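Just so you know, these numbers come straight off a predicted model, no measurement behind them.
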Amino acid sequence: MHRHSIRFRLTVWYAVVLTAGLALFGVLLWVSLRHQLLADIDEELDGRASRFESYFRNESAQRFPHLRAELEEFCQALPPTSYVLLRGSDGFNFAYPENAQTAAASARMLQRRFTVNGATFDLDVGAPTTNVVYVLDELRDLLWSLIPVMIVIACLGGVWLSRRALRPVQDVTAAALMISIENLSERVPVPATGDEIARLAEVLNSMLARLESAVKTLSQFVADASHELRTPLAVIRTTAELALRRARSPESYRESLEDVVS
């Protein structure tokens with residue numbers, strides 16, 4: 001089964017984690033900005049509703065017959081994109097502008113209920129969210145264009161970092177491949193990092209030291225055994241050569257074999 005290198009797996013995991021982190025960051029940024037922008041609109045709408053309610057209360061007490069004209073004049077002082085809908089339990093209805101009922105369907109609306117002179121009024125104040133949608137769309141497009149570039153750059157940096165981090169492993173591997181039975185006294189380089197790779201190099205050097213000691217012991221044993229066996233073998237060879245120089249009786253051969261056995 002094909003196995004990928006540690007550097008490749010580190011780069012892949014780094015890319016996956018980075019992609020997930022950037023995606024989460026982008027989503028949170030977009031949601032946070034949307035929440036803040038809508039909160040600002042709601043705060044502005046709440047202020048408009050408060051001012052309209054206060055103005056309506058005052059005008060209702062003073063010049064009710066001209067109330068619609070006064071309300072229209074008040075609404076003209078609001079931002080041009082404002083929508084105001086007022087419905088009373090006594091049948092009073094007011095809309096600004098005239099198409100406010102239709103336009104409000106796609107706007108951000110704030111609802112408020114209050115009572116004036118025994119009548120209950122439902123006030124809807126709204127504003128379009130065109131600018132908010134535009135800003136959020138721009139941010140989304142910016143994130144979609146920047147995040148892939150950042151991931152590519154980060155992956156290239158990850159490849160460079162993983163190569164740099166694993167370079168001591170390559171040095172240890174190359175040094176270990178050069179060590180054989182003929183040069184067991186050689187040792188792998190120990191990086192001055194104090195990390196797991198340095199610990200691995202120290203363990204390999206310790207293993208090589210034990211292996212060198214074992215090989216020296218075995219070589220000494222072979223040399224001692226060879227020395228100890230050299231004399232008996234020489235005696236056996238000499239006895240055999242003497243026995244074969246000329247024909248002998250069975251008793252002579254027997255005596256030669258007994259000399260070898262003894």
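- More than 12 non-hydrogen atoms from other residues, nucleotides or ligands lie less than 6.0 angstrom from CZ of R140.
- Contact detail for L123 and A49: the closest heavy-atom pair is CD2-O, 3.8 Å.
- Aromatic ring centres of F56 and F121: separated by under 6.0 Å.
- Counting heavy atoms from C-beta outward, E53 and R112 have side chains that approach closer than 4.5 Å.
- Residues L85 and A95 come closest through the heavy atom pair CD2-CB, 3.6 Å.
- Every pair passing side chain to side chain donor-acceptor pair (under 3.5 Å) that includes a residue from residues 119-128 is listed here, sequence neighbours excluded: R87-D124, R113-D122.
- Atom-to-atom distance recorded for C75:SG and L86:CG is 9.5 Å, nearest 0.5 angstrom.
- Pairing each heavy atom of I179 with each of V188, the nearest pair is CD1-CG1, 4.2 Å.
- The environment of CG in D46 is crowded: more than 12 heavy-atom neighbours from other residues, nucleotides or ligands sit within 6.0 Å.
- With sequence neighbours excluded, no residue forms a salt bridge (Lys or Arg N to Asp or Glu O under 4.0 Å) with R167.
- The shortest side-chain heavy-atom distance between Y96 and L71 does not fall under the 4.5 Å cut-off.
- Around the CZ atom of F25, the shell of radius 6.0 Å holds no more than 12 heavy atoms that belong to other residues, nucleotides or ligands.
- Other residues, nucleotides and ligands place no more than 12 heavy atoms under 6.0 Å from the CZ atom of R34.
- Using a 4.5 Å heavy-atom threshold, the side chains of N58 and S54 count as touching.
- You'll find the side chain of F74 reaches within 4.5 Å of the side chain of R51, heavy atoms only.
- When all heavy atoms of A209 and R187 are compared, the closest pair comes out as CA-NH2, 3.3 Å.
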Please tabulate, for side-chain N and O atoms in residues 13-22, each donor-acceptor pair with protein atoms closer than 3.5 Å (sequence neighbours left out).
| from | atom 1 | to | atom 2 | distance (Å) |
| --- | --- | --- | --- | --- |
| T19 | OG1 | A15 | O | 2.6 |

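- A donor-acceptor pair is defined here as one N or O able to donate and one able to accept, closer than 3.5 Å; no such pair exists between the side chain of S82 and the backbone of L78.
- Residue V152 belongs to a hydrophobic cluster whose other members are L156, with links defined by side-chain heavy atoms closer than 4.5 Å.
- In this structure, R48 forms no cation-pi arrangement with Y83, as its terminal cationic atom is not both closer than 6.0 Å to the ring centre and no more than 45° off the ring axis.
- For E72, there are no salt bridge (Lys or Arg N to Asp or Glu O under 4.0 Å) partners at least two apart in sequence or on another chain.
- The number of heavy-atom neighbours closer than 6.0 Å to CD of E43, taken from other residues, nucleotides and ligands shown, is 12 or below.
- In terms of heavy atoms, V172 sits closest to P189 at CG2-O, 3.7 Å.
- Nearest heavy atoms, L38 versus R108: CD1-NH1, 3.9 Å.
- Every residue was checked against the side-chain hydrogen bond (donor to acceptor under 3.5 Å, both in side chains) condition with T129, not counting sequence neighbours, and none meets it.
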